[in-house]
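Below you'll find the structure, written out as structure tokens, and then a few comments.
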Amino acid sequence: MPKKLSDYINPLFSLLISLPKGKIISYSIAAKSIGLDNPRNIGWILKQNKNPDTIPCFKVVLSNGKLAKGYKFGGQKEQQKRLKREGIFFDENGRILNFEQCKY
DNA sequence: CTTTTGACTGAGT
DNA sequence: AACTCAGCCAAAA
């Protein structure tokens, strides 16, 4: 019985909840961590998030250290705001500072 | 049933 | 640095 994509929702959300404060994760790393190989599927799963206050989906960023354009809960600005609250800082190009150190 | 659409990535130009 | 393009594959149209 092959797994469906929806079966990966809980593993991903668990992973996000378990991320230490101040840590972020890229789509590709997140995908590999839960056994997926297509990062686009992470985006699909995050869209299923009904509790953005419980599930820190704002911690998922692009592999180049910037933010995805389609963040569902208020756009890039809102996501950046939440990340700053975690102690993450951005340069003038919207790229995360110390990206390598923040990465999970 | 077929086509299009993504919260993407990595390689190539 | 900016821009394509193919690969990826479940969902939605």
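Fair warning: this is a prediction, and the values are worked out from it, not measured in the lab. In what follows, every chain begins at residue 1, and chains take the letters A, B, ... in the order their sequences are listed.
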Could you give me the CA-CA distance, side-chain angles and deciding distance for A:Leu15 and A:Ile34, then say whether side chain to side chain contact (heavy atoms under 4.5 Å, CB included) is met? CA-CA 8 Å; A:Leu15 173 65; A:Ile34 62 172; 4.2 Å; yes

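- Atom P of nucleotide C:dA12 and atom CD1 of A:Ile45 are separated by 13 Å, given to the nearest angstrom.
- Residues A:Ile42 and A:Leu16 are members of one and the same hydrophobic cluster, defined by side-chain heavy-atom contacts under 4.5 angstrom among Ile, Leu, Val, Met, Phe, Trp and Tyr.
- A salt bridge links A:Lys59 with A:Glu86: the distance from a Lys NZ or Arg NE/NH1/NH2 to an Asp or Glu carboxylate oxygen falls below 4.0 Å.
- No continuous path of ILVMFWY side-chain contacts below 4.5 Å connects A:Ile29 to A:Val61, so the two sit in separate hydrophobic clusters.
- One hydrophobic cluster, built from ILVMFWY side chains closer than 4.5 Å, holds both A:Phe58 and A:Ile96.
- Following rounding to the nearest Å, A:Leu5 (CG) and B:dG6 (P) show an atom-to-atom distance of 16 Å.
- Position along DNA chain C of the nearest nucleotide to A:Lys66 versus A:Asn41 favours A:Lys66 as the more 5'-ward residue.
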Once base and sugar-phosphate atoms are separated, protein heavy atoms under 4.0 Å mark nucleotides 7-13 of chain B, 5' to 3', with B, S and - as BBSS---

